[in-house]
Amino acid sequence: NAGVMQNPRHLVRRRGQEARLRCSPMKGHSHVYWYRQLPEEGLKFMVYLQKENIIDESGMPKERFSAEFPKEGPSILRIQQVVRGDSAAYFCASSPWGRETQYFGPGTRLLVL
Amino acid sequence: KNQVEQSPQSLIILEGKNCTLQCNYTVSPFSNLRWYKQDTGRGPVSLTIMTFSENTKSNGRYTATLDADTKQSSLHITASQLSDSASYICVVSAGDDKIIFGKGTRLHILP
């Protein structure tokens with residue numbers, strides 16, 4: 001049973017471009033969470049999704065950021081018109097139900113030039 | 001306000017020594033508390049999960065304690081190894097499904 005997969009592992013974008021981060025949860029997990037971690041900082045919750053539904057997006061910036069978890073395929077975190085402050089590690093986690101112990105992916109490190 | 005405070009912020013110890021990391025929380029209503037280990041450049045990995053009624057839980061050389069009255073938890077690492085060098089994150093779940101992360105303690109084990 002493969003763990004949580006994230007790709008790409010590293011992503012470099014210029015200011016104003018779009019960044020798409022993908023997360024494939026563990027097999028059998030229908031709950032996905034996205035977190036952002038700045039250097040030397042703790043994890044910050046962004047959004048919690050179930051298949052085709054956003055359950056809690058209270059941690060996600062209102063502009064430029066969006067997330068989806070379609071019926072088929074990975075969850076996508078999309079950042080439009082990236083700015084330097086978006087540079088961070090973005091972690092995805094999944095769980096089989098509710099907010100049970102979450103299994104984290106290796107993260108995507110986004111660098112905005 | 002729901003908060004999770006960890007101390008110390010960072011810690012350096014010699015290989016083979018024991019250490020204890022602290023976590024204080026002001027989360028209400030409390031649901032459970034987890035300790036995660038995050039190696040540099042990787043995602044966090046769960047070490048222990050404790051509910052209100054549990055006050056001690058072990059996972060190998062890691063022992064977590066929970067005092068729900070004082071809202072404190074500790075993670076004790078016995079006979080530290082170089083591979084224990086990592087950030088240790090305390091995470092508290094509230095009854096309303098919110099999850100609050102501490103900023104972590106960065107532990108460095110020296111040979």
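Throughout, protein chains are lettered first and strands after them, A, B, ... in sequence-line order, and every chain is numbered starting at 1.
Side-chain atoms of A:Phe91 and B:Gln38, non-hydrogen and from C-beta on, do get closer than 4.5 Å to each other. Contact annotation: the side chain of A:Gln102 approaches that of B:Tyr36 to within less than 4.5 Å [non-hydrogen atoms, C-beta and beyond].
One finds the CD1 atom of B:Ile99 at 6.0 Å from the OH atom of A:Tyr33 (value rounded to the nearest 0.5 Å). The distance from the CZ atom of B:Phe101 to the CD atom of A:Glu41 is 14.0 Å, given to the nearest 0.5 Å. Between atom CD1 of residue B:Ile100 and atom CG of residue A:Leu43 there is a gap of 13.5 Å, rounded to the nearest 0.5 Å. Of the inter-residue distances, the one linking A:Lys44 atom NZ with B:Lys103 atom NZ reads 5.5 Å to the nearest 0.5 angstrom. If you take OG on B:Ser46 and OH on A:Tyr103, they are separated by 7.0 Å, rounding to the nearest 0.5 Å.
Minimum heavy-atom separation, A:Arg109 to B:Arg42: NH2-N, 3.7 Å.
By the 6.0 Å contact criterion, CZ on B:Arg61 is enclosed, its count of non-hydrogen atoms from other residues, nucleotides or ligands being greater than 12. By the neighbour-count criterion of 12 heavy atoms within 6.0 Å, atom CD of A:Gln80 is densely surrounded, having more than that number from other residues, nucleotides or ligands.
Neither the backbone nor the side chain of A:Gln6 comes within contact range of chain B, judged by heavy atoms closer than 4.5 Å.
For the set B:Gly104, B:Gly43, B:Ser87, the entry with the most heavy-atom pairs within less than 4.5 Å of chain A is B:Gly43.
A:Leu21 and A:Tyr48 end up in different hydrophobic clusters when Ile, Leu, Val, Met, Phe, Trp and Tyr side chains are linked at under 4.5 Å. Grouping the Ile, Leu, Val, Met, Phe, Trp and Tyr side chains by contacts below 4.5 angstrom, directly or via other members, places B:Ile89 apart from B:Val27. Under the 4.5 Å side-chain contact rule for hydrophobic residues, B:Leu47 and A:Val4 do not share a cluster. A continuous path of hydrophobic side-chain contacts links B:Val4 to B:Phe52 [ILVMFWY only; heavy atoms under 4.5 Å]. Residue A:Phe45 is not grouped with residue B:Val92 when hydrophobic side chains (ILVMFWY) are merged at heavy-atom distances under 4.5 angstrom, including chains of intermediate members.
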